[in-house]
Amino acid sequence: MPISNEQVTARPFLRALYRDAYYPDHVVDRGRAVLLALCERIETERPADLAALYALTHAATEEFNDLQDAFVDAGSEIETVAREEIAEEFWFVSRAYGFADADVEELIAPRDW
């Protein structure tokens with residue numbers, strides 16, 4: 001299903017990571033795919049409240065957790081810059097879908113990066 005939210009389709013997800021050679025594009029591409037899949041799930045499932053949104057963002061956060069090894073294998077890691085960029089993208093997604101009151105720390109609560 002193509003994403004219909006114009007804010008999302010216009011968003012250059014993880015831009016700061018793509019601009020920094022420390023983060024390999026092929027791994028960042030996988031992170032971008034996680035974010036786009038999250039957006040597709042939000043559009044498909046239409047979470048009715050924050051609890052339902054958090055369930056979706058937690059699943060996506062777990063996928064980012066799984067990407068840590070790919071970053072390390074490529075000579076990189078999810079460190080301060082990446083953590084902040086990823087968190088910002090989750091917050092952007094929540095606002096783009098009408099959840100302006102979402103707590104960024106709760107959006108990514110299961111993170112281990």
Exercise for review: For the pair Ser76 (side chain) and Tyr22 (backbone), establish whether a donor and an acceptor sit closer than 3.5 Å, ignoring hydrogens and angles.
Suggested key: yes
**Study point:** Leu53 versus Pro47, closest heavy-atom pair with distance
**Key:** N-CB, 3.6 Å
Point to revise | Check: Tyr97/Gln7 side-chain N/O donor and acceptor closer than 3.5 Å | key: no
Study note, to complete from the structure: Taken to the nearest 0.5 Å, the spacing of Asn65 CG from Ile78 CD1 works out to 7.5 Å
Check your understanding: Checking Arg111 against Phe64: charged group under 6.0 Å from the ring centre and within 45 degrees of the axis?
Key -> no
Revision key, fill the gap. Between Arg41 and Ala59 the two heavy atoms that sit nearest each other are NH1-CB, 3.8 Å
Check your understanding: salt bridge (Lys or Arg N to Asp or Glu O under 4.0 Å) between Arg95 and Glu88: does it pass, once the steps are laid out?
Key -> CA-CA 11 Å; Arg95 290 178 309 185; Glu88 172 65 29; 3.6 Å; yes
Review point. Can you tell me if CZ on Arg83 sees more than 12 non-hydrogen neighbours from other groups inside 6.0 Å?
Key: yes
Exercise for review: List the atom of Ala82, the atom of Leu17, and the distance in Å for their closest heavy-atom pair.
Suggested key: CA-CD2, 3.7 Å
Exercise for review: Nearest 0.5 Å please: distance from the CG atom of Leu36 over to the CZ atom of Arg32.
Suggested key: 4.5 Å
Check your understanding: Charged N to carboxylate O below 4.0 Å: is that the case for Glu89 and Arg11?
Key -> yes
**Study point:** Nearest heavy-atom neighbours spanning Thr57 and Leu107
**Key:** OG1-O, 2.8 Å
Study note, to complete from the structure: Distance col, row Leu14:CG vs Ile86:CD1, nearest 0.5 angstrom, shows 6.5 Å
Exercise for review: Determine, step by step, whether Glu106 and His58 satisfy the side chain to side chain contact (heavy atoms under 4.5 Å, CB included) criterion, reporting the C-alpha distance in whole Å, the side-chain angles of both residues, the deciding distance to 0.1 Å, and the verdict.
Suggested key: CA-CA 8 Å; Glu106 183 57 35; His58 289 178; 3.1 Å; yes
Point to revise | Sub-4.5 Å side-chain heavy-atom contact between Asp112 and Gln68 | key: yes
Point to revise | Value rounded to 0.5 Å, distance of CG in Leu56 from CZ in Phe90 | key: 10.5 Å
Check your understanding: Checking Glu43 side chain against Ser4 main chain: does a donor-acceptor pair fall under 3.5 Å?
Key -> yes
Check your understanding: For the residue pair Phe99 and Leu50, what are the closest heavy atoms and their distance?
Key -> CD2-CD2, 3.7 Å
Check your understanding: Linking I/L/V/M/F/W/Y whenever any side-chain heavy atoms sit under 4.5 Å apart, do Val72 and Val34 land together?
Key -> no
Check your understanding: Does His26 use its side chain to pair, donor to acceptor, with the backbone of Ala74 at less than 3.5 Å?
Key -> no
Point to revise | Intermediate values then yes/no, side chain to side chain contact (heavy atoms under 4.5 Å, CB included), Glu84 and Thr80 | key: CA-CA 6 Å; Glu84 290 177 8; Thr80 304; 3.6 Å; yes
Check your understanding: Sub-3.5 Å donor-acceptor pair from the side chain of Tyr54 to the main-chain atoms of Ala102, do we have one?
Key -> no
Check your understanding: Is there a side-chain contact between Tyr18 and Phe13, using heavy atoms and a 4.5 Å cut-off?
Key -> no
Check your understanding: Counting only N and O atoms by type, is there a donor-acceptor contact under 3.5 Å from the side chain of Glu85 to the main-chain atoms of Arg15?
Key -> yes
Check your understanding: Can you tell me if Asn5 uses its side chain to pair, donor with acceptor, with the backbone of Cys39 under 3.5 Å?
Key -> no
